[in-house]
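Presented below is the structure to which this report refers.
So you know, we letter chains A, B, ... as the sequences are listed, proteins then strands, and number each from 1.
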Amino acid sequence: MIEQELTGYITQAFETLYGQQPEGVKLETTRQDFEGDYTFVVFPYIKISKKNPEQTATEVGEYIISNTTEVSSFNVVKGFLNLVIADNYWSNFLNAAYNNSDFGKGIIGKEQKVMVEYSSPNTNKPLHLGHTRNNLLGWSVSEILKANGYDVYKANLVNDRGIHICKSMIAWIKYGNGETPETTNTKGDKLVGKYYVEFEKYYRAEVKELIANGIIEADAEKQAPLMIEAQEMLRKWEAHDEETLRIWNMMNGWVYKGFEETYNRMGVDFDNYYYESQTYLLGKKFVDEGLAQGVFYKKPDGSVWIDLTANGLDEKLVLRADGTSVYITQDLGTAQKKYEDVGYDKSIYVVANEQDYHFKVLKLILQKLGKPYAPGIFHLSYGMVDLPSGKMKSREGTVVDADELMDEMVQAAKEKTTELGKTEGFTDAEMNHLYNALGMGALKYFLLKVDPQKRMLFNPAESIDLHGNTGPFIQYTHARICSVMRTFGKIPQPVLVETLDKFEKELLALLYTWPSIIIEAGKLYSPAIIANYIYEVAKEFNRLYHELSLLREVDETIKNNRLAMSQLTANVIKQGLNILGIEAVERM
RNA sequence: GCCUCCAUAGCUCAGCUGGAUAGAGCAACGGUUUUCUAAACCGUAGGCCGUAGGUUCGAGUCCUACUGGGGGUACCA
């Protein structure tokens, strides 16, 4: 990388000029308004030079000019030394990157296995906007890690047992009249979700009545007959009651079929599935292990705890007095199972930030138990999605359903495409494919361009916009380049040159950073970094496209180079879009 | 109460390990097409970076306090 070479030269310059090496020399990219590509800030080093900032910068600049070939000129503004990289350096880069089919691909993760758990839905209701962010994030982070050379396993931990499932089952038994997805022509997850809401409705009515009879709310919530029934059903489930298991299997089956459809449409997939109904028992052997090691302790009632107060946390229950496991017990077991399955070096959990405490505890317990895989555990904590109307609550039905959301986005893309009327010669199938690619592109980009850690606001009107910093804008830029290439009809070949136009140089300098962008996105597990970068690339290209001619350029060398860098731009955009799960269409 | 995350333009977001005059998109206003795709490009306007201190040659970025908001602190998952 050029930056390392430059820092080396700067260190050399100090050594020769002032007889001492500066520590930790850093370079930054020069701000737009100044001339130059890289900037060295001399303020921290004037102690070494014992000269004023301007003088120091000038001397270092002169040394670099006369001792290197990469830097063609420099200028000094106050204590800032701006270095201009020679045009032929960028020309060389174009040549090298253009002929390197692996350009952008990293090797940091070579020989390392990483498991990414995401989605992890409950099977009592359909997927909504929050899951959509989770799914897209998890899938995209997996792609980023692959691009960094990791061996990636995508895992889904299906939350298929518990009181919430029983609620849907009770409501279906009581009020369902034997309805099935087939008889009602409803997606399975939607049907089950409908009964979850039904349960809540009848249950609330019962609670209200009890309160009217003078019972306080907290007690009413426990005493309501429906709740007692649900708990009874959970006990039956744990006791392997045949009829309960039959209904449970049947209704979960409906849900899985529905989820599969949604996942397919969203373009996400999994390599390993884990079911909580199977993993909830796995944690129990940890309990014995922890007790034996003295990491856990038993209270008189028989419940098992871990004291984390020394780590600034609380005491945490790991096993109930009746011997049943809790959330954390199950997750301990699952972590172990995953490790046995793939032997991961890293294990990423894509789970909302409301679980921060849980994962802190999980990792800490595994560390205390001396598990070799504990240090590799990382909770990718992402922010919730808010609506302009406030928070989403599934029990109250104020959610944005994932399927409906996708429908709306695709519909909006269809309307816009029809309005622009550029799809002459498309078959109906191609047309539908395009609407889908654009609608999903808009949705995915909208959700992924925001830093995962931040909570975000989902404004439907804004998400449907296809201009500016959006997926379709980037897709458009790609399609535009493809169109030029179709007209050109050949594969352009770059030619080494000594001088470049300002726009060409800026585009090349931006493309030059692509490999480091992939590395950074991998370190931070952030698709947003990829999204913002390809947006910059698209904007920079559109600027060049507007200012300079490609096919109309008369100088053959310049024309070839411009086309080659256009092609390289398209390649980078395509790679970036694909990492986000967005299709790079060739016509739109 | 305690813990934790967040606060940047009217709105949605960038701003890398502290560096020069804080950047985009949307919305508003104005301009660019005798066609290499205008889903584009250019311009105008819009900011005491929540408040107050501190560290530093230098702070949106680091530290402290405060204000406002989210989440957590369950023998729910």
Side-chain angles (χ1 to χ4, degrees), chain A residues 24 26 28-34 39 41 43-44 46 53 77-80 82 120 122 159 161-165 276 280 299 301 303-305 312-314 316-322 324-328 330-331 352-358 360 381 383-384 386 388 391 413 416-417 419-420 422 438 442 446 449-451 453-459 461-463 465-477 479-488 516-517 520 524 528-529 531-532 535-536 538-539 541-543 545-553 562-563 566 587-588:
Chain A
K26 281 179 294 188
E28 18 209 297
T29 46
T30 305
R31 291 183 56 124
Q32 279 296 323
D33 326 320
F34 295 90
T39 295
V41 186
F43 293 117
I46 51 173
V77 183
K78 291 188 271 181
F80 298 88
N82 298 321
S120 302
N122 288 353
N159 204 335
R161 60 150 223 133
I163 194 87
H164 49 285
I165 317 291
E276 210 206 303
Y280 85 107
K299 285 196 176 175
D301 67 355
S303 58
V304 181
W305 296 72
L313 304 174
D314 304 302
K316 186 86 187 165
L317 176 96
V318 293
L319 194 73
R320 293 193 187 99
D322 63 5
T324 57
S325 52
V326 290
Y327 183 31
I328 195 93
Q330 172 272 123
D331 247 0
N353 61 14
E354 57 188 355
Q355 305 287 350
D356 285 356
Y357 186 76
H358 172 79
K360 217 189 260 182
S381 160
M384 306 283 223
D386 282 326
K391 227 193 140 171
K416 184 67 190 174
T417 307
E419 181 194 318
L420 290 172
K422 291 196 236 175
L438 295 177
F446 189 86
K449 75 174 173 186
V450 181
D451 182 343
Q453 304 201 27
K454 294 196 175 169
R455 69 189 282 123
M456 67 176 292
L457 186 82
F458 185 84
N459 186 328
E462 227 172 88
S463 70
D465 195 344
L466 309 175
H467 300 272
N469 190 359
T470 64
F473 167 78
I474 298 167
Q475 289 172 304
Y476 171 76
T477 308
R480 204 182 210 187
I481 296 171
C482 289
S483 166
V484 173
M485 293 305 157
R486 274 195 301 274
T487 311
F488 185 58
S516 62
I517 294 290
E520 196 191 344
L524 299 175
I529 289 171
N532 287 314
Y535 171 62
E536 285 301 320
K539 234 176 18 165
F541 177 81
N542 282 327
R543 207 170 288 151
Y545 183 89
H546 188 263
E547 295 296 326
L548 306 173
S549 301
L550 301 177
L551 295 171
R552 284 192 303 241
E553 173 59 50
R562 285 202 186 133
L563 289 168
S566 300
R587 277 192 66 188
M588 63 185 275

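Listed for the A/Arg320 side chain is no donor-acceptor partner under 3.5 Å among the backbone atoms of A/Ser303.
Comparing the same atom, P, in B/G25 and in B/C42 gives a spacing of 8 Å after rounding to whole Å. To the nearest whole angstrom, the two C1' atoms, one in B/C29 and one in B/G10, are 15 Å apart. Rounded to whole Å, the separation between the P atoms of B/G43 and B/C26 comes to 14 Å. As rounded to the nearest Å, B/A9 and B/A22 have C1' atoms that lie 11 Å from one another. For the P atoms, the distance from B/U61 to B/U17 is 13 Å, rounded to whole Å. With both ends at atom C1', the span from B/U35 to B/G47 equals 40 Å, rounded to whole Å. For B/G30 and B/G68, the P atoms lie 43 Å apart once the distance is rounded to whole Å. Taking the P atom of each, B/U21 and B/A59 are spaced 11 Å apart, rounded to whole Å.
Residue-level contact check: A/Tyr357 touches the backbone only, with heavy atoms under 4.0 Å from sugar-phosphate atoms and none from bases. A/Thr417 comes within 4.0 angstrom of a base, heavy atoms only. Residue A/Glu276 is in sugar-phosphate contact alone, with no base atom involved, counting any heavy-atom pair closer than 4.0 Å across all strands shown. Note on A/Ala479: a base of the nucleic acid sits closer than 4.0 angstrom, heavy atoms only. Contact annotation for A/Leu438: base contact, defined as any heavy-atom pair under 4.0 Å involving a base atom.
Taking all atoms of both residues into account, the shortest heavy-atom contact from A/Arg562 to A/Ser549 is NH1-O, 3.0 Å. The two residues A/Asn532 and A/Lys449 have their closest heavy-atom pair at ND2-O, 3.6 Å. Residues A/His467 and A/Lys416 come closest through the heavy atom pair NE2-NZ, 3.5 Å. For the pair A/Ile165 and A/Asn159, the tightest heavy-atom approach, listed with the atom from each and the gap, is CD1-O, 3.8 Å. Residue A/Leu317 comes nearest to A/Trp305 through the heavy atom pair N-CE3, 3.4 Å, listed as atom of the first residue, atom of the second, then distance. A/Ala413 approaches A/Leu466 most closely through the heavy-atom pair CA-CD1, 4.2 Å.
With sequence neighbours excluded, the residues that form a side-chain contact (heavy atoms from CB on, under 4.5 Å) with A/Phe43 are A/Val41, A/Pro53, A/Phe80. In this structure, the side chain to side chain donor-acceptor pair (under 3.5 Å) partners of A/Tyr357, at least two apart in sequence or on a different chain, are A/Asp314. Applying the side-chain contact (heavy atoms from CB on, under 4.5 Å) rule to A/Asn353 yields the partners A/Asp356, A/Ser381, A/Met384; only residues at least two apart in sequence or on another chain are considered.
Note: CG (A/Asp356) to P (B/U4) measures 11 Å, nearest angstrom. Between A/Glu419 atom CD and B/A40 atom P there is a gap of 12 Å when expressed in whole angstrom units. Rounded to whole Å, the distance from OH on A/Tyr476 to C1' on B/A38 is 6 Å. Summarising the geometry, the separation between NZ on A/Lys422 and P on B/A38 is reported as 6 Å, rounded to the nearest angstrom. Across the protein-nucleic acid pair, A/Arg161 atom CZ and B/A77 atom P stand 6 Å apart, rounded to whole Å. One atom, CG of A/Asp386, and another, C1' of B/G71, lie 11 Å apart when rounded to the nearest Å. A/Glu354 has its CD atom 12 Å from the C1' atom of B/C76, to the nearest Å. In this structure, A/Gln475 atom CD and B/A40 atom C1' are separated by 15 Å, rounded to whole Å.
By the neighbour-count criterion of 12 heavy atoms within 6.0 Å, atom CD of A/Gln453 is sparsely surrounded, having that number or fewer from other residues, nucleotides or ligands.
Using a 30° and 60° split on the angle between ring planes, A/His358 and A/Tyr327 fall in the parallel class, below 30°.
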Item to check | RNA chain B base-pair string [pairs: Watson-Crick or G-U under 3.5 Å; |: paired with another strand] | outcome: (((((((..((((.....[...)))).(((((.......))))).....(((((..]....))))))))))))....

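For the pair A/Cys482 and A/His358, nearest-nucleotide mapping onto RNA chain B gives the more 5' position to A/Cys482.
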Checklist entry - How does each nucleotide of nucleotides 11-26 of chain B score, in 5' to 3' order, for protein heavy atoms under 4.0 Å: base (B), sugar-phosphate only (S), or none (-)? => result SSSS---SBBBSSSSS

Next on the checklist: Return a single string for nucleotides 30-36 of chain B, one symbol per nucleotide in 5' to 3' order, where B is base contact, S is sugar-phosphate-only contact and - is none, cutoff 4.0 angstrom on heavy atoms.
Outcome noted: ------B

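Distance from the side chain of A/Ile163 is smallest for B/C76 among the nucleotides B/U4, B/C76, B/C75.
OP1 and OP2 of B/A40 both lie 4.0 Å or more from every side-chain N or O belonging to A/Arg543.
Distance check, rounded to the nearest 0.5 Å: CD of A/Glu28 to CG of A/Asn82 gives 10.0 Å.
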